[in-house]
Every structure is written in structure tokens, then in C-alpha cells.
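By convention in this document, chain letters (A, B, ...) are assigned in the order of the sequence lines, proteins followed by strands, and residues within each chain are numbered from 1.
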Protein chains: 2
Amino acid sequence: MPEPEEWTIPEVALAVDLAVLTIHDGSLQIMLIRRGIPPYEGMLALPGGFLASTSEDLDRAATRELSEETGLDANALHLEQLRTYGAPGRDPRQRVITVCYVAFSPQLPAPIAGGDARDAVLMPVEKVLRPRTQIAFDHKKIIADAVERARAKLEYTTLAAAFCAPEFTMTDLREVYEIVWGEQLDPRNFHRKITGVEGFLIPTGERVSRQPGRPAALYRRGPATVLHPAMLRGRS
Amino acid sequence: MPEPEEWTIPEVALAVDLAVLTIHDGSLQIMLIRRGIPPYEGMLALPGGFLASTSEDLDRAATRELSEETGLDANALHLEQLRTYGAPGRDPRQRVITVCYVAFSPQLPAPIAGGDARDAVLMPVEKVLRPRTQIAFDHKKIIADAVERARAKLEYTTLAAAFCAPEFTMTDLREVYEIVWGEQLDPRNFHRKITGVEGFLIPTGERVSRQPGRPAALYRRGPATVLHPAMLRGRS
DNA sequence: GCAAAAGTGTTGTTGATACACCCATGT
DNA sequence: ACATGGGTGTATCAACAACACTTTTGC
């Protein structure tokens, strides 16, 4: 590191943005808020905001913004740093560097849109990423990166279970993969593969009947975090 | 994003640090500089520095710092963002957030230590990461993350070739894997596997005899960037 | 000739895919 | 009874690990 004494250190505004992904209505959705003031007034953007004070930790700022803007309990969610975006001009007001985080949330109890939070909405990422959809700042690119992160992590980690309720069936879990990857998986091979990964799932012993057909076993998340061998996507 | 009008946005100093990894003397080494002033005067640290101006792009600041502090031509190197580190107190002077980059360099032509650059040295990461070794700021943690990134990327990308000279043998490439992973690979299976990945290597038609034994074919980097199927490390 | 490194062939094993088939429930 | 989804068994195929073996050089 060079010496700050040598010149004036330009100070920049530092923000934290959040890409909260969840599964809703059979599709991968992202939490967005509608902006109330310029720039990009009325447009959809990622929840986020500036550092509250010079001494606030980055991770802490992320969890704070998440609960402030969406009312979600960030402690219950897995939050991880995605990437930092800092192109000059990405915010028309001034130079803003934003450290982005991704979170993976189970189906939300629905207090989201129009709830206690300002104006948070869920939108399918497939719709967000369409060329014609307009999103504030460079947030569309950030969302694309977040989705790609989620897709990649399903391959070699047990992240998929983070999208499920505390107790879930094998089909619930398989649908996470199918929805996030946009690809059908063979239920039988999936079942065998997942049960073969030590520590991924813990059977509760309970069963549920949600459709006609044999009732499915219920599972809880196990301690494993990595998938070995990995679940591979079809080559594309 | 919230509204800057609501409160005073605390401004923080933004730095860029670089973890330049290379292979030297049969081990994975990292480029460090010796600090000339407090804090951590005389200690080893990653090259890096503050943003030169409010309008400087992050990636551009990274390449600038790299050539300023080490004399390396950043355009020839593959630079990628690693992660942002911003714990309060990580710099005793003031709040500093640093966006870190990793670079993977072929064996350097040796103009490094004591050359035109200030005081850049190469040090084996194995030595850097030993508990007793002291490194300025939180840079030891950053180096550990950079090394883990390199190890992981060898599995599913053609990154290993970035550590090799423009023309190299299969053994050169295999040694990159062995050194970075700290693991022996079967030369015969390695050869077959790599030649089976379309677009990884382009044979030049030339051969070299560097030891007694049959001369080895020379290759150049091909256009492929991903490895399919992946090279897997032994489970550990 | 002999040691040493480059490269090919072969074999057993493991994991993935595809799908036949049985199981347990709602209607 | 029958449709529907849950779950097991099994054959086929691709990739990998281990290693015998051939090729081509320096000495």
C-alpha cells in the first residue's frame, strides 16, 4: 500500500446492495424495491444503501439494510459477498462504489409486498433479465451475476436446501434445482444421488401427502456444506 | 438504494490491493513489497494503493498500481477481482476499504527483486501462511483467499496455462498443478486428459530436450477457458 | 547399452443416465 | 380400480486410476 501522506486521498461514497433470491410461484425470484426519488425515480432497484457510519462493518451494513428495507431477518439468511461494482458514472450523482451481497431465502411467509417494508416486490429473474426490462443503475448486471453465482453453487454445495423450508421433501429440493437451472432432472436418479451424499439431509421420520400418490419422506438440512461428488448441470 | 439527502454519507478511503501469484523455484510464490513508512513500517505487504482520483475505474486502478509498484505489465496478465475487505480497524490510520485483485503470472523474467520497482520480493506462499510469519494489515488472510481461488480455478478452468511461458511442455503444465495443489499427478493420465480437452493446448510441432529422455512436445495456450470435464483434486 | 523422460494401451472401478418396476396413497 | 407421485433395481456408458509397455533421447 502506498502512502496517504503523498497526496490527497479521494474519498468515495460506499454503498452496500443486496440480491435476495428466493423461489416463488415456481420460478426464481429476486427482491426489488421501487425507488421513491431521483435518480431512477419509480424504477426498480436492488435494496441497499450507504454505509451508516465510518465505523460500520460491511457485513453488518448488509444485514442492517436487508432488515431496514425488506423487513427480513438477515440472521436467518445465508448472506455472502458477491462482488464490488465501481465503474465511474454508475451513479449519476457522484462516484459510488457498491459492495454487493447475495442471499438465498426459503419461501417467504409473504409479508413482503406492501407489508411493513416500504415497497418491496418479488420479481422473476427471467423477467428482470429480459432486454426490455429497465432496472435502475447497473443493477441488472448485478442480478445476472447473482443468479449465475446461485446456479454455480448448486453444483458443488448444499445451497439448494437454503431455498427450502426447515422441513422439506426430496421433490421440494429437486424443484429448487429444476427452477434455478431451468432444466428437468430425473426424480429417481436425483433421489439416489442426494441420499448418497453423507450429511446433506437428515430424515425426520415423518411423511407428508400433498398430492395423490405415495407420501414423501420429510428431511431437515444436515451439516454437510459441500457436495461430493458434485451435481452436474447438463453441458450448455 | 436509500437517499443520500437523508443524512451525511460517510466517506471512506478506497484502496486496491493485488495478489500476484507466480511459480518460482518449484513453489507457488506471491509478490510482496516491503513498507517504507508506518504503519507496519518494514513489514511485508501486498502491492496496492489508494484510488488516484474520484473518477478512476477500479480495474484501471488495479493495473496502474501493479505497474507502478512492481514494474509488471498488467495488460499481459490476467487480473480478476477477488473480494473486498472492509473490517473497521483493518487500517489503524482511518477506515480503509480495499478491493482486492488476483493475478496469475508466468515465471517472471527476474527483474523483480531490487529491480526498477521499489522493493518487490517474491515469497513462497507456504512460508507466508505459516503462523509465525508477520504480514501487514489483514493481508495474510487476503493471500490465503487468493491461493484458495487459484487452487479452485485450476479444477474447472484452463488457468494453469497462465502460469506457463508462451510455449511450454506437458510436464511444465503438470508441474503447475502439482505445485499449486501440493499433490502428485500421474503424468500419463494427465497427458491423456489434457490432450482430450478441445482447445486447451495447441501443439507447435516443435520439441525440446531439457533432460535426458525423450524430448517433449511444445504447446501454446488454446482458446478454451473452461475445462470439461473438470480436473479434480484428490478429496481432502 | 542403460537410465530417464515422453507418450500409448489396457483393465478394473466408480459415477451418471435411462428406464423398468414396485410401493403407498387420494379419489 | 386407477391415476399419481415416491422410491428401488439394474443395464449401459463415460470418465478415471493404476500400471504395463513402447518410444526417443542423453550419457
Could you list by number each residue of residues 179-191 of chain A showing a heavy-atom separation from DNA chain C of less than 4.0 Å, or answer none if no residue does?
A:Asp186, A:Arg188, A:Asn189

What residues form a ring pair (Phe, Tyr, Trp, His ring centres under 6.0 Å) with A:Phe190, not counting sequence neighbours?
A:Tyr177

Would you check if the side chain of A:Lys193 reaches a backbone N or O of A:Arg188 as a donor-acceptor pair within less than 3.5 Å?
no

Any side-chain heavy atom of B:Met170 within less than 4.5 Å of one from B:Thr195?
yes

So, using side-chain contact (heavy atoms from CB on, under 4.5 Å) as the criterion, who are the partners of B:Arg132 when residues are at least two apart?
none

Pick the closest DNA chain C nucleotide for A:Met231 and for B:Thr195 by heavy atoms, then say which residue is nearer the 5' end.
B:Thr195

Can you measure B:Arg214 atom CZ to C:dA5 atom C1' for me and round it to whole angstrom units?
9 Å

Side chain of B:Arg192: nearest nucleotide among C:dA24, D:dA18, D:dT10?
D:dA18

Taking all atoms of both residues into account, what is the closest heavy-atom pair of B:Trp181 and B:Glu155, and its distance?
CZ2-CG, 3.5 Å

Considering all heavy atoms, the nearest A:Thr84-A:Ile97 contact
CG2-CG2, 3.5 Å

Just the atom pairs and distances: protein N or O near nucleotides 12-14 of chain C's N or O, under 3.5 Å.
none

Tell me if a side-chain donor or acceptor on B:Ser67 pairs with a main-chain N or O of B:Asp73 at a distance below 3.5 Å.
no

Nearest to the side chain of A:Arg174, which nucleotide is it out of D:dC16, D:dG6, D:dG9?
D:dG6

Residues in ring pair (Phe, Tyr, Trp, His ring centres under 6.0 Å) with B:Phe163, at least two apart?
B:Phe104

For A:Glu155 and C:dA16, give me the distance from atom CD to atom C1', rounded to whole Å.
14 Å

Apply side chain to side chain donor-acceptor pair (under 3.5 Å) to B:Arg83 and list each qualifying residue two or more places apart in sequence or on a separate chain.
A:Gln81

Which parts of residues 160-173 of chain B get close to DNA chain D, meaning a heavy atom less than 4.0 angstrom away?
none

Ion pair A:Arg60/A:Glu65, N-O distance below 4.0 Å:
no

For A:Tyr219, all residues meeting ring pair (Phe, Tyr, Trp, His ring centres under 6.0 Å), sequence neighbours excluded:
none

According to salt bridge (charged side-chain N to carboxylate O under 4.0 Å, His left out), does anything in residues 194-206 of chain A pair up with another residue at least two apart or in another chain? List the pairs.
none

When you measure from the side chain of A:Arg90 to the backbone of A:Asp138, do you find a donor-acceptor pair of N or O atoms at a distance under 3.5 Å?
no

Listed pairs under 3.5 Å, donor-acceptor, residues 21-28 of chain A side chains, sequence neighbours left out:
residue : atom : partner  : partner atom : Å
A:Thr22 : OG1  : A:Ser105 : O            : 2.9
A:Thr22 : OG1  : A:Pro106 : O            : 3.1
A:Ser27 : OG   : A:Gln29  : NE2          : 3.1

Output the residues of residues 198-212 of chain B in contact with DNA chain D, where contact means a heavy atom of the residue under 4.0 Å from an atom of the strand; sort by number or write none.
B:Ser209, B:Pro212

Can you pull out how bent the helix from C:dG1-D:dC27 to C:dT27-D:dA1 is, comparing the axes over its first five and last five pairs, to 10°?
10°

A:Asp119 and A:Ile33, any side-chain heavy atoms less than 4.5 Å apart:
no

